[in-house]
Amino acid sequence: MPLLIPESLLQKEKDHVAGFAPEVAWVTMGGGEQLEEKMCIRPTSETLFCDHFAHVLHSYRDLPMLYNQWCSVVRWEKTTRPFLRSREFWWQEGHTIHETAEEAIAETEQQLNTYADFCEKYLRMPVIKGRKTDKEKFAGAEATYTIEAMMHDGKALQSGTSHYFGDGFSRSFGVTFAGRDNTLQYPHQTSWGVSTRLVGAIIMTHGDDEGLILPPAIAPIEVVIVPIASHKEGVLEKARELALRLKGKVRVKLDDSDNSPGWKFSQWEMKGVPLRLEIGPKDIAQDQCVIVRRDTREKTFVPLAELESKIGELLEALAENIYNKALDNREARTVTCNTMDEIMQKANEANGFIKSMWCGSEECETAMKDKAGLSSRCMPFTQEHISDICPICGKAASKMVIWGKAY
RNA sequence: CGGGGUAUAGCGCAGAUGGUAGCGCGCUUGGUUCGGGACCAAGAGGCCGGGCGUUCAAAUCGCCCUACUCCGACCA
């Protein structure tokens with residue numbers, strides 16, 4: 001889809017334009033000439049896809065239409081933050097239309113689950129699945145679902161979203177198809193995305209003072225081999241032999257540069273390589289090597305005969321450990337509150353998640369922001385019954401919300 | 001948008017009361033080292049963000065720009 005969106009196209013869905021207009025960048029000139037109609041640089045591509053759908057959709061037989069594109073988008077943020085909030089960011093955006101609401105809702109859920117699984121199983125980052133409040137939902141959506149992660153400083157990071165649009169956009173853009181009963185119908189739509197924000201999430205979930213800690217599944221190098229006293233007879237040869245032996249089984253790199261071993265240790269730790277394999281004269285004499293975990297720095301002497309299996313075990317142990325550490329941090333920084341006083345006190349003490357009931361009114365949500373500096377992160381799918389009243393207004397409440405400070 | 005801060009070597013910084021610049025890291029060369037960022041020696045590297053002013057003399061004082069940055073409000 002194109003990079004530029006004509007203003008008229010952006011205007012077609014009123015909630016959407018109201019939500020995005022304040023943060024779009026506009027192109028007003030072309031080759032020194034003022035443009036007849038200004039164009040915005042896409043902040044998201046729903047309008048472009050809708051325009052496209054209107055042209056290509058004719059029959060229920062064309063449905064579902066499932067699109068995905070990787071591109072960068074621009075949102076004119078007032079405050080930027082490397083990886084987490086940049087004015088231009090690279091993302092993946094999926095856009096689908098379906099014959100029925102049920103199908104579209106299923107798609108929305110499926111994608112949210114895909115993101116959650118990816119974060120938890122591959123990035124080893126625990127997330128909370130839930131629904132956004134109306135105040136926080138995507139402009140123009142009927143429902144927005146989110147996965148919320150907690151960074152190690154206790155701040156929340158929305159790590160992926162999936163939206164259900166109903167047929168609102170379809171109606172605004174005149175997207176129609178001939179249905180099974182030969183009547184003209186509007187398809188039900190979804191969109192969903194994750195961005196390079198996840199890179200920031202990895203850094204801020206797993207990293208420590210020595211640098212990155214990469215989850216093994218996405219580490220470009222899983223094992224780095226550092227020869228010790230590599231000038232001595234046979235060391236480099238042995239290191240090369242091990243690298244060759246591991247190649248194809250695990251992503252391995254031999255650092256045979258002439259930097260000192262200590263320098264290499266620090267360097268590869270900073271880059272987040274999960275395992276370091278040391279091989280030196282003493283090891284060679286005993287037919288073993290030393291493997292050091294990035295997360296705990298724990299050293300293990302490994303007989304060369306058991307090399308492959310031990311590497312597998314250690315990678316898995318590391319992956320599990322970094323997930324558990326992140327989860328422990330989240331649990332330790334999550335509190336349940338019943339009164340506004342309690343909430344304000346906790347919010348003041350430390351960053352973290354605060355669970356409380358909520359009556360559902362936007363006034364109370366705004367009050368939470370004003371009084372405690374907290375925004376609603378989501379209404380988790382897994383609800384807990386804390387009480388029956390909203391701590392903000394005292395009226396009846398049936399929804400539990402997670403509040404927090406967000407990046 | 002509101003309120004702070006910073007700008008001096010590739011990077012990080014120091015340069016009170018004005019006298020044309022220094023430290024650490026990095027880089028180059030030689031030697032010794034090599035199981036946690038090695039050591040010694042010799043080097044290279046600077047329009048002190050930009051402009052105007054004050055002064056015999058400005059990195060230093062004054063005014064005006066520009067860029068970056070932090071904290072708020074706004075947002076994936």
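Protein chains get the first letters and strands the later ones, always in sequence-line order, with residue 1 at the start of each.
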Phe138(A) near the nucleic acid: base, sugar-phosphate alone, or nothing, with a heavy-atom cut-off under 4.0 Å? nothing
Is the shortest side-chain N to carboxylate O distance from Arg276(A) to Glu269(A) below 4.0 Å? yes
Any side-chain N or O of Lys299(A) below 4.0 angstrom from OP1/OP2 of rG35(B)? no
Determine the interatomic distance between C1' on rC11(B) and the same-named atom on rC52(B); round to the nearest Å. 32 Å
Determine the interatomic distance between C1' on rA9(B) and the same-named atom on rG24(B); round to the nearest Å. 12 Å
Under a 3.5 Å limit for both distances, which nucleotide forms a Watson-Crick or G-U wobble pair with rA67(B), could you say? rU6(B)
Under 4.0 angstrom, heavy atoms only, what part of the nucleic acid is Lys264(A) near: base, sugar-phosphate, or nothing? nothing
What do you reckon, is NZ of Lys253(A) surrounded by more than 12 foreign heavy atoms closer than 6.0 Å? no
What is the nucleic acid contact for Glu77(A), judged by heavy atoms within less than 4.0 Å: base, sugar-phosphate only, or nothing? base
Using a heavy-atom cut-off of 4.0 Å across all strands, would you classify Pro281(A) as base, sugar-phosphate, or nothing? base
Heavy-atom pair of closest approach, residues Pro64(A) and His98(A): CB-ND1, 3.6 Å
Counting only Watson-Crick or G-U wobble pairs whose two distances fall under 3.5 Å, which nucleotide matches rG24(B)? rC11(B)
Using the P atom as the reference point in each nucleotide, state the distance between rA7(B) and rA59(B) in Å, no decimals. 15 Å
Select base, sugar-phosphate, or nothing to describe what Lys369(A) touches, counting heavy atoms under 4.0 Å on all strands. sugar-phosphate
CG of Asp258(A) versus C1' of rC34(B): gap in Å, rounded? 11 Å
Could you tell me whether the side chain of Asn259(A) has a donor or acceptor atom within less than 3.5 Å of a complementary atom in the base of rG37(B)? no
Which value, in whole Å, describes the distance between the C1' atoms of nucleotides rC71(B) and rG35(B)? 46 Å
Distance, C1' atom - from rU8(B) to rC48(B), rounded to whole angstrom: 4 Å
Contact class for Val226(A) vs. all strands (heavy atom < 4.0 Å): base, sugar-phosphate, or nothing? nothing
What interatomic distance, in whole Å, is found between C1' of rG37(B) and the corresponding atom of rC25(B)? 11 Å
For rC1(B), which nucleotide in any strand shown is its Watson-Crick or wobble partner with both distances under 3.5 Å? rG72(B)
Below 4.0 Å: OP1/OP2 of rC34(B) and any side-chain N or O of Ser260(A): no
Residue Ile228(A), side-chain atoms from C-beta onward, closest of rC34(B), rG36(B), rC71(B): rC34(B)
Could you measure the distance from the CD atom of Gln158(A) to the OG1 atom of Thr146(A)? Nearest 0.5 Å is fine. 3.5 Å
Using a heavy-atom cut-off of under 4.0 Å over every strand shown, decide if Leu157(A) touches base, sugar-phosphate, or nothing. nothing
Can you tell me the pairing partner of rG19(B) across any strand shown, Watson-Crick or G-U wobble, with both distances under 3.5 angstrom? rC56(B)
Between protein and nucleic acid, restricted to nucleotides 25-31 of chain B and to nitrogen or oxygen atoms under 3.5 Å apart, what atom pairs and distances do you find?
none

Residue pair Leu214(A) / Pro220(A), side-chain heavy-atom distance below 4.5 Å: yes
So Arg87(A), base contact, sugar-phosphate only, or nothing? Heavy-atom distance under 4.0 Å. nothing
Would you mind pulling out the nucleotide paired to rC48(B), Watson-Crick or G-U wobble, both distances under 3.5 Å? none
Axial cation check for Trp76(A) ring with Arg87(A), 6.0 Å and 45° limits: yes
Nearest-angstrom distance from the residue atom CG of Leu84(A) to P of rC70(B): 12 Å
Interatomic distance where CD belongs to Glu269(A) and C1' belongs to rG36(B) [whole Å]: 8 Å
In whole angstroms, how far is the P atom of rG72(B) from the CG atom of Asp370(A)? 15 Å
Separation of atom CG in Asp255(A) from atom P in rG35(B), rounded to whole Å: 14 Å
Within-4.5 Å side-chain heavy-atom neighbours: Tyr67(A) and Thr96(A): no
Could you go through Glu136(A) and Ser376(A), starting from their C-alpha distance and side-chain angles, then the distance that decides it, and tell me whether this counts as side-chain hydrogen bond (donor to acceptor under 3.5 Å, both in side chains)? CA-CA 8 Å; Glu136(A) 298 283 330; Ser376(A) 72; 4.6 Å; no
What's the spacing between Ile402(A) CD1 and Met379(A) CE if we round to 0.5 Å? 11.5 Å
Distance check needed: rA73(B) C1' versus Lys405(A) NZ, whole Å only. 14 Å
Say we look at rG22(B) and rG43(B): how far apart would their P atoms be, to the nearest angstrom? 15 Å
By nearest atom, which of the nucleotides rG35(B), rC1(B), rG36(B) is closest to the Lys78(A) side chain? rC1(B)
Applied to residues 345-354 of chain A, the salt bridge (Lys or Arg N to Asp or Glu O under 4.0 Å) test, sequence neighbours excluded, yields none
Length of the CG-C1' vector between Leu374(A) and rC74(B), whole Å: 17 Å
Please classify the nucleic acid contact of Glu278(A) as base, sugar-phosphate, or nothing, using heavy-atom distances under 4.0 Å. base
Give none if rG36(B) has no partner; otherwise give the nucleotide forming a Watson-Crick or G-U wobble pair with it, both distances under 3.5 Å. none
From CG of Asp283(A) over to P of rG35(B), roughly how many Å is that when rounded to an integer? 13 Å
Applying the ring pair (Phe, Tyr, Trp, His ring centres under 6.0 Å) test to Phe165(A), which of Tyr186(A), Phe173(A), Phe138(A) qualifies? Phe138(A)
Atom P, compared across rC23(B) and rC61(B): separation rounded to whole Å: 23 Å
Heavy atoms under 4.0 Å, any strand shown: does Ser86(A) hit a base, just sugar-phosphate, or nothing? base
Partner of rA41(B) by Watson-Crick or G-U wobble geometry, both contacts under 3.5 Å, or none? rU29(B)
